[in-house]
Amino acid sequence: MQASDSHAKELTDLIARLCGPAGTGEALKAISDSCESARAAGVGRDAAAMERLDGATAGLDPILRESALAYVSGDLRRYLLILEMLDTVLDLASLDGINQIFWSMQRQLFLMRMDLGTVPDFVVGHLFPFYERFLRQVAVRLELDPAGRQAGMPGTGRVVIVTNQFLSAEHQPSRDLLLLAVRLQRNLGRTVLVLNTNMMPDRYYSAFAPPFAAAVEDRLSGEQTIRCGGERIRMLSSTAPGVTAEKLAGFLSAVEAFDPDLVIGFGGSVIVADLLGSAYPVMCVPTTSGQTVSLADIVLDFGGHAQPPGGGRLAMSWRPARFGLSLRRTGETAARAEFALQEGDFVCVVVGNRLDAETGGGFLDLLGRILDAIPRALVLFAGGVESLPGRLAADRHAGRLRSLGHVDRVEALMSVCDLFVNPRRAGGGAGAAQAMAGGVPVLSFDGGDVASVAGPSFVVADDDAFVARAVALAGDPSLLAKARREARSRIEAVEREGADIAQLSAYMAEAVSLFDKRR
């Protein structure tokens with residue numbers, strides 16, 4: 001079987017990259033760029049091309065090989081092979097290397113690069129059990145044994161919130177964490193300690209393509225006091241890299257000294273929170289849609305209201321409630337001229353922090369269909385970018401596809417927009433929430449944070465329906481006005497759900513009760 005001639009160049013480039021150096025971040029980035037080019041060109045759907053790629057890379061580092069071919073094809077069976085390889089050396093392999101691979105897999109799932117149909121139970125049946133085994137290795141090899149309070153002791157009214165990554169007020173999950181802390185202290189009378197653990201890899205420890213390294217805010221090191229919403233919130237941070245005994249034991253000792261009634265893991269796969277689960281009740285508050293990996297007694301939803309499949313631990317811990325998004329409400333508006341817009345323009349907007357990766361050729365083609373059908377339409381892109389402006393400049397609709405870069409005045413931007421258009425992606429929920437608060441309707445496919453926040457009224461089934469909905473809104477002022485009202489009403493409902501303090505308190509109490517039964 002011969003590979004298609006149309007993929008010969010991508011195959012040749014990728015094989016050469018994979019067979020070359022892979023020991024530095026620059027080399028891994030070059031390999032990943034080549035994988036992305038092959039994926040975008042459709043190499044993964046060309047059986048002959050994948051067979052040739054398989055054969056040409058058979059003798060390479062198996063982690064690099066399987067991760068790269070998974071990147072190109074989206075086939076989760078290759079991730080299963082990696083998990084099986086790691087299991088055979090789990091008691092010997094570098095904890096940092098395993099952590100790097102775990103988070104790199106999670107990242108690809110989050111970016112919707114993997115085909116869940118290839119292994120439908122991948123998260124529940126494979127990744128989650130592997131995470132449990134990994135945490136046991138962390139606890140055993142680093143001699144971590146958290147000590148909780150004795151049974152029957154009175155409550156202290158203290159809560160620890162643990163996050164993998166706290167950055168700044170510009171970071172939506174960080175703002176949401178502060179909102180939770182404020183509500184716990186102000187509305188429920190609890191005393192809160194935040195642990196900013198930075199447990200995701202901040203550098204490359206393994207030859208996995210594409211590698212993932214999280215951002216770390218160096219100034220947030222040691223003990224901090226953050227003022228938010230009239231409350232003072234104490235935070236302990238460690239920016240030390242890696243999975244080390246000193247770092248983890250320090251956090252566990254701080255929790256023991258604080259003596260909380262409850263630990264809240266803010267986000268998924270919060271290692272320190274899950275390690276504390278042997279000694280304290282734990283509740284998990286997800287920060288994105290999809291299946292949350294957590295060992296908590298109670299795992300809240302992000303708005304999808306879909307219980308994890310099966311009857312295992314993830315399904316039993318799941319509860320159908322979402323904690324709210326923190327919206328910025330300054331009341332700021334703008335004139336269209338400030339963004340070089342005409343009064344008659346039908347202004348679509350795409351907002352995100354990963355637009356380079358999320359606005360691929362397929363989405364630009366879809367936007368092109370909208371621009372063809374609506375001559376007065378244009379599309380703005382708001383968010384930090386590198387490669388996107390060049391691709392927009394080369395597009396046949398250059399001039400009507402405008403990259404604004406990072407925008408500080410998001411609320412003002414939304415005041416001049418008519419429609420929030422969402423690519424197929426997992427994130428973007430905060431941007432959609434901000435748009436809807438400003439009365440900007442959302443246009444999205446099903447799945448991901450945006451669909452979860454926007455609700456079924458703003459979700460379409462396929463590309464044709466996507467274009468038709470945009471055309472209908474642009475051509476009917478009364479329909480657009482109705483959609484604006486529905487957007488505001490929907491986000492108000494989402495905010496009410498997230499601000500249900502009584503429900504939050506009930507789930508906290510349930511987590512304590514479940515812990516008492518299992519201790």
- Message: Keeping Lys29 on the side-chain end and Thr24 on the backbone end, is there a donor-acceptor pair under 3.5 Å?
- Response: no
- Task: Determine yes or no for a side-chain-to-main-chain donor-acceptor pair under 3.5 angstrom, with Asn164 supplying the side chain and Met200 the backbone.
- Result: no
- Query: Could you go step by step and tell me if Ser269 and Gln106 meet the side-chain hydrogen bond (donor to acceptor under 3.5 Å, both in side chains) rule?
  - Reply: CA-CA 9 Å; Ser269 307; Gln106 287 268 66; 2.8 Å; yes
- State plainly whether the residues Asp33 and Arg17 are in salt-bridge range, i.e. N to O under 4.0 Å. no
- Message: Between Arg391 (side chain only) and Thr359 (backbone N and O only), is there a donor and an acceptor less than 3.5 Å apart?
- Response: yes
- Query: Is there a donor-acceptor pair closer than 3.5 Å between any side-chain N or O of Ser317 and the backbone N or O of Arg313?
  - Reply: yes
- For a side-chain contact (heavy atoms from CB on, under 4.5 Å) with Met283, tell me which candidate from Ile298, Ile161, Val263 qualifies. Ile298
- Do Arg65 and Thr57 get their side chains close enough for a donor-acceptor pair, meaning under 3.5 Å? yes
- Any sub-3.5 Å donor-acceptor pair from Thr118's side-chain atoms to Leu76's backbone N or O? yes
- About how many Å separate CG of Asp500 and CZ of Arg322, when rounded to the nearest 0.5 Å? 13.0 Å
- Message: Are the side chains of Thr197 and Thr163 in contact, using a 4.5 Å heavy-atom criterion?
- Response: no
- Rounding to 0.5 Å, atoms CZ (Phe458) and CE (Met436) come to a distance of 4.5 Å
- Query: Any sub-3.5 Å donor-acceptor pair from Arg78's side-chain atoms to Ser73's backbone N or O?
  - Reply: no
- Query: Do Arg424 and Phe445 meet the cation-pi criteria used here (NZ or CZ under 6.0 Å from the six-membered ring centre, within 45° of the axis)?
  - Reply: yes
- Looking only at heavy atoms, what is the nearest atom pair of Val72 and Cys35, with distance? CG2-O, 3.9 Å
- Query: Judged by atom type as modelled, is there a donor-acceptor pair below 3.5 Å linking the side chain of Asn198 to the main-chain atoms of Val216?
  - Reply: no
- Message: When you compare the side chain of Val255 with that of Leu276, does any pair of heavy atoms fall below 4.5 Å?
- Response: yes
- Item | Test log, rule side-chain contact (heavy atoms from CB on, under 4.5 Å), inputs Phe420 and Val351 | CA-CA 8 Å; Phe420 181 101; Val351 180; 3.8 Å; yes
- Carboxylate-amine/guanidinium proximity below 4.0 Å for Arg319 and Asp301: no
- Query: Between Gln108 and Tyr71, does a side-chain hydrogen bond (donor to acceptor under 3.5 Å, both in side chains) hold up when you go through it step by step?
  - Reply: CA-CA 8 Å; Gln108 287 297 90; Tyr71 188 177; 5.2 Å; no
- Message: Testing the basics here: between Val450 and Ala432, what is the closest heavy-atom pair and its distance to 0.1 Å?
- Response: CG1-CB, 3.9 Å
- Note on the structure: Closest non-hydrogen contact found for Tyr204 with Ala213 is CE2-CB, 3.7 Å
- Could you grab the distance from atom CE of Met316 to atom CG of Leu514, nearest 0.5 Å is fine? 8.5 Å
- Message: Using every non-hydrogen atom in the two residues, find where Ala22 and Ala207 come nearest and quote the distance to one decimal.
- Response: O-CB, 4.5 Å
- Message: When you measure from the side chain of His7 to the backbone of Ala41, do you find a donor-acceptor pair of N or O atoms at a distance under 3.5 Å?
- Response: yes
- State, yes or no, whether a side-chain contact exists between Thr244 and Leu248 at a heavy-atom distance under 4.5 Å. no
- Message: Could you check whether any side-chain heavy atom of Val350 comes within less than 4.5 Å of a side-chain heavy atom of Asn422, counting everything from C-beta outward?
- Response: no
- Message: Any non-hydrogen side-chain atom of Phe266 less than 4.5 Å from a side-chain atom of Asp176?
- Response: yes
- Item | Reported CD-to-CG distance for the pair Glu66 and Asp75, which is rounded to 0.5 angstrom | 9.5 Å
- Query: For residues Thr191 and Gln185, is any side-chain donor paired with an opposing acceptor at under 3.5 Å?
  - Reply: no
- Item | From CA spacing to verdict: side-chain contact (heavy atoms from CB on, under 4.5 Å), Arg234, Val192 | CA-CA 7 Å; Arg234 182 184 170 209; Val192 174; over 6 Å; no
- Query: Could you go step by step and tell me if Val194 and Val162 meet the side-chain contact (heavy atoms from CB on, under 4.5 Å) rule?
  - Reply: CA-CA 6 Å; Val194 174; Val162 187; over 6 Å; no
- Item | Stepwise salt bridge (Lys or Arg N to Asp or Glu O under 4.0 Å) check, Lys9 with Asp13 | CA-CA 6 Å; Lys9 181 181 184 303; Asp13 289 347; 2.8 Å; yes
- Message: As an exercise, state the distance from CD of Glu132 to CG of Leu135, rounded to the nearest 0.5 Å.
- Response: 8.0 Å
- Note on the structure: Residue pairs passing the ring-ring contact (aromatic ring centres under 6.0 Å, His included) test with at least one member in residues 86-122, sequence neighbours excluded, are Phe102-Tyr131
- Query: So, Glu358 side chain and Arg425 main chain: donor-acceptor pair closer than 3.5 Å or not?
  - Reply: no
- Item | Flag for Asp449-Ser289: side-chain donor and acceptor within less than 3.5 Å | yes
- Gap separating the CG atom of Leu95 from the CZ atom of Arg141, nearest 0.5 angstrom: 4.0 Å
- Task: Would you please test Ile82 and Phe208 for side-chain contact (heavy atoms from CB on, under 4.5 Å) and show each step?
- Result: CA-CA 10 Å; Ile82 293 176; Phe208 189 103; 3.9 Å; yes
- Can you establish whether the number of heavy atoms outside Glu143 located under 6.0 Å from its atom CD is more than 12? no
- Answer whether the closest heavy-atom distance between the side chains of Leu504 and Arg183 falls below 4.5 Å. no
- Query: Regarding Asp218 and Thr239, is there a side-chain donor-to-acceptor distance under 3.5 Å anywhere?
  - Reply: no
- Message: Restricting to non-hydrogen atoms, name the atom on Asp297 and the atom on Tyr280 that form the minimum distance, rounded to 0.1 Å.
- Response: OD2-O, 4.4 Å
- Item | Distance-only side-chain donor-acceptor flag, Gln100 / Asp96, under 3.5 Å | no
- Item | Arg158 (side chain) donor-acceptor with Phe258 (main chain) under 3.5 angstrom | yes
- Side chain proximity check, Glu217 to Phe166, heavy atoms < 4.5 angstrom: no
- Message: Does any part of the side chain of Val159, heavy atoms only, come nearer than 4.5 Å to the side chain of Pro260, both counted from C-beta?
- Response: no
- Minimum heavy-atom separation for Val385 to Ser403, with atom names? CG2-OG, 3.5 Å
